[in-house]
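Along the sequence shown, the residues carry numbers beginning at 1.
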Amino acid sequence: MNHGHLYVRRREISSAGPKTVIAILIFAAACALRFGARYVPGFAERAVTIINPLMLASLGRVTGLFNFSIVEILIYLLIIIIPVHLFVILFAAFRRESDAGKRMIGYLTNLLILAALIFFLYEAGEDICFYRVSFSDKEGFGRGSYTTEELTEVCKYLTEECNGLAGRVERTPEKIMVLSADIETRITEYMRKTGETYPTIAGPYYIPKGLIVSYLLSVTDLSGIYSAYTNEANYNRDMPDYNKPFTMSHELAHTHGVLGETDANFIAYLNCMNALDSDIRYSGALMGWIYCANELAKRDQSAYDGFYRSLDAAVRSDLSANSEFWARYKSPVTESAKKFNDSFLKSHGQKDGTESYSKVVDLIVSYELKK
């Protein structure tokens, strides 16, 4: 009788062998990518140029067939399925069903493969991208420094752009900007055109997707999030509309292997400012104004005050609505999420952490002055 039980356990364990080997191989491949990106010169750049097109052609193409976020649905399903499955197995063990041990081992090996796959997709679709040559360096943008006078000149230009576009976009009775129809499709088409101008981000683009439960982004102070596991660009559906085209463009840049926040912001600026649609261009001009004007405020408060006062009343309404929106969600959770995001970016070679978002000012200034 004892020998019989021992035989069953050995058979159960041996049946999990192939799955365990698969998990180990996937995990080893992920570790190789992580090590190569950090310690082998040129590895990350070469790997991204090979892997990213494959991910766009496979994951991106499949998830791009749907107009909702696949990764969001998968997260909710996993939250439900994993505990329920575990409960069923434990219940079977409690009842001493004959196959309970086999089912438990199968459950654990499946979890092992899932964890290894998640690790690999993260390394292949996100982590290694942090260590490649930056978009701005490849395309020759940025000078590393700029004078206050140059910054003031660009702020003047962006103020005029915002004011000129403010009356050309749809608005609510409260004078808050509203996007025109088909914004996801239009943004995607413009990103394809931007990719034709800048080969670093060339290739197929699939529509960005607003999260069904965008509250989760709002409470963590996020306007968008990129999923390396499904190659999807997701954005906060609830935030003020002027934020959305810029954010969509930013997250779409991530799908093409541009993980540096400075570069993703700059690509968003380029995409929006080169658009013909007034609502998209307004988004780029106002987001650019915010970054540049905030930097100007650190150098010359009186100049900033002057530009703010000269903004059209409708533009100031959009800025106020945006501040009020994010203020509603501010909590200890928000602060914790900010600290986590800051630490995450720093751990991936972005020494400025969340401050790297605002480093886009150098790229905007150099671009506008060159233009």
task = Answer yes or no: does atom NZ of Lys138 have more than 12 heavy-atom neighbours from other residues, nucleotides or ligands under 6.0 Å?
result = yes
inquiry  = Is it true that Gln301 and Asp305 share a donor-acceptor pair across their side chains at a distance under 3.5 Å?
reply    = yes
task = Decide if atom OH of Tyr329 counts as having more than 12 heavy atoms of other residues, nucleotides or ligands within a radius under 6.0 Å.
result = yes
message = What verdict does the side-chain contact (heavy atoms from CB on, under 4.5 Å) test give for Met287 and Ile290, after you've listed the backbone C-alpha separation in whole Å, the side-chain angles of each residue and the deciding distance to 0.1 Å?
response = CA-CA 5 Å; Met287 290 299 294; Ile290 292 170; 4.2 Å; yes
ask   = What's the shortest heavy-atom distance between Asn271 and Ser249, and which atoms?
value = ND2-OG, 3.0 Å
query = Do Arg34 and Tyr122 have side-chain heavy atoms sitting under 4.5 Å apart?
reply = yes
ask   = Do Leu259 and Asp127 pass the side-chain contact (heavy atoms from CB on, under 4.5 Å) test, and can you show the C-alpha distance, the side-chain angles, and the key distance before you say yes or no?
value = CA-CA 8 Å; Leu259 265 293; Asp127 184 63; over 6 Å; no
task = Taking Glu295 for its side chain and Val361 for its backbone only, find out whether a donor-acceptor pair lies under 3.5 Å.
result = no
query = According to the interplanar angle, ranging from 0 to 90°, do the rings of Phe135 and Tyr198 count as parallel (below 30°), tilted (30 to 60°) or perpendicular (above 60°)?
reply = perpendicular
query = Are Asp318 and Arg171 close enough that some pair of their side-chain heavy atoms sits under 4.5 Å apart?
reply = yes
ask   = Does Ser320 use its side chain to pair, donor to acceptor, with the backbone of Ser317 at less than 3.5 Å?
value = no
ask   = Under 4.5 Å between any side-chain heavy atoms of Glu261 and His250, yes or no?
value = yes
inquiry  = Under a 4.0 Å threshold between the charged nitrogen and the carboxylate oxygen, would Arg186 count as salt-bridged to Glu189?
reply    = no
Donor-acceptor pair, side chain of Ser214 and main chain of Asn236, under 3.5 angstrom = no
inquiry  = Determine whether a donor-acceptor pair (N or O, by modelled atom type, separation under 3.5 Å) exists between the side chain of Thr220 and the backbone of Leu216.
reply    = yes
request  = Check whether any side-chain heavy atom of Thr194 sits under 4.5 Å from a side-chain heavy atom of Asn274, and report yes or no.
outcome  = no
message = For Glu324, is there an ion pair with Arg328 - N to carboxylate O distance below 4.0 angstrom?
response = no
task = Could you walk me through whether Glu126 and His254 pass side-chain hydrogen bond (donor to acceptor under 3.5 Å, both in side chains), step by step?
result = CA-CA 8 Å; Glu126 184 165 349; His254 286 332; over 6 Å; no
request  = Indicate the ring-plane relationship of Phe141 and Phe266, choosing parallel, tilted or perpendicular according to the 30° and 60° boundaries.
outcome  = perpendicular
query = Is the backbone N or O of Pro208 less than 3.5 Å from a side-chain atom of Glu184, with the two atoms forming a donor-acceptor pair by type?
reply = no
message = Is it the case that the side chains of Tyr76 and Glu72 hold a donor-acceptor pair, with the cut-off being a distance below 3.5 Å and no angle test?
response = yes
ask   = Between Asp182 and Ser180, does a side-chain hydrogen bond (donor to acceptor under 3.5 Å, both in side chains) hold up when you go through it step by step?
value = CA-CA 7 Å; Asp182 300 322; Ser180 299; over 6 Å; no
ask   = Is it true that Asp137 and Arg132 make a salt bridge, defined as a side-chain N closer than 4.0 Å to a carboxylate O?
value = no
ask   = Are any of the side-chain heavy atoms of Ile176 and Tyr242 separated by less than 4.5 Å?
value = no
query = Do Tyr308 side-chain atoms and Arg316 backbone N/O form a donor-acceptor pair below 3.5 Å?
reply = no
task = Check Asn110 against Lys19 and note the closest heavy-atom contact, atom names and distance.
result = OD1-NZ, 3.0 Å
request  = Output every pair passing side chain to side chain donor-acceptor pair (under 3.5 Å) with a member in residues 53-68, not counting sequence neighbours, ordered by first then second residue.
outcome  = none
ask   = Rounded to the nearest 0.5 Å, how far apart are CG of Asp279 and CD1 of Ile183?
value = 5.0 Å
ask   = When rounded to the nearest 0.5 angstrom, what distance separates CG in Asp263 from CD1 in Ile201?
value = 10.0 Å
Side chain proximity check, Leu286 to Leu319, heavy atoms < 4.5 angstrom = yes
request  = Find the distance between CD1 (Ile70) and CG (Asn231) and round it off to the nearest 0.5 Å.
outcome  = 12.5 Å
Derivation and outcome, side-chain contact (heavy atoms from CB on, under 4.5 Å), residues Asp238 and Phe325 = CA-CA 9 Å; Asp238 297 337; Phe325 172 82; 4.0 Å; yes
query = With a cut-off of 6.0 Å (strictly less than), are more than 12 heavy atoms of other residues, nucleotides or ligands near CZ of Arg46?
reply = no
key: Aromatic contact, Tyr205 with His256 (centres under 6.0 Å)   = yes
note = Sorted by chain and residue number, the side-chain hydrogen bond (donor to acceptor under 3.5 Å, both in side chains) partners of Asn234 (sequence neighbours excluded) come out as Ser69
task = Can you label the angle between the Tyr269 ring and the Tyr367 ring as parallel, tilted or perpendicular, going by 30° and 60°?
result = perpendicular
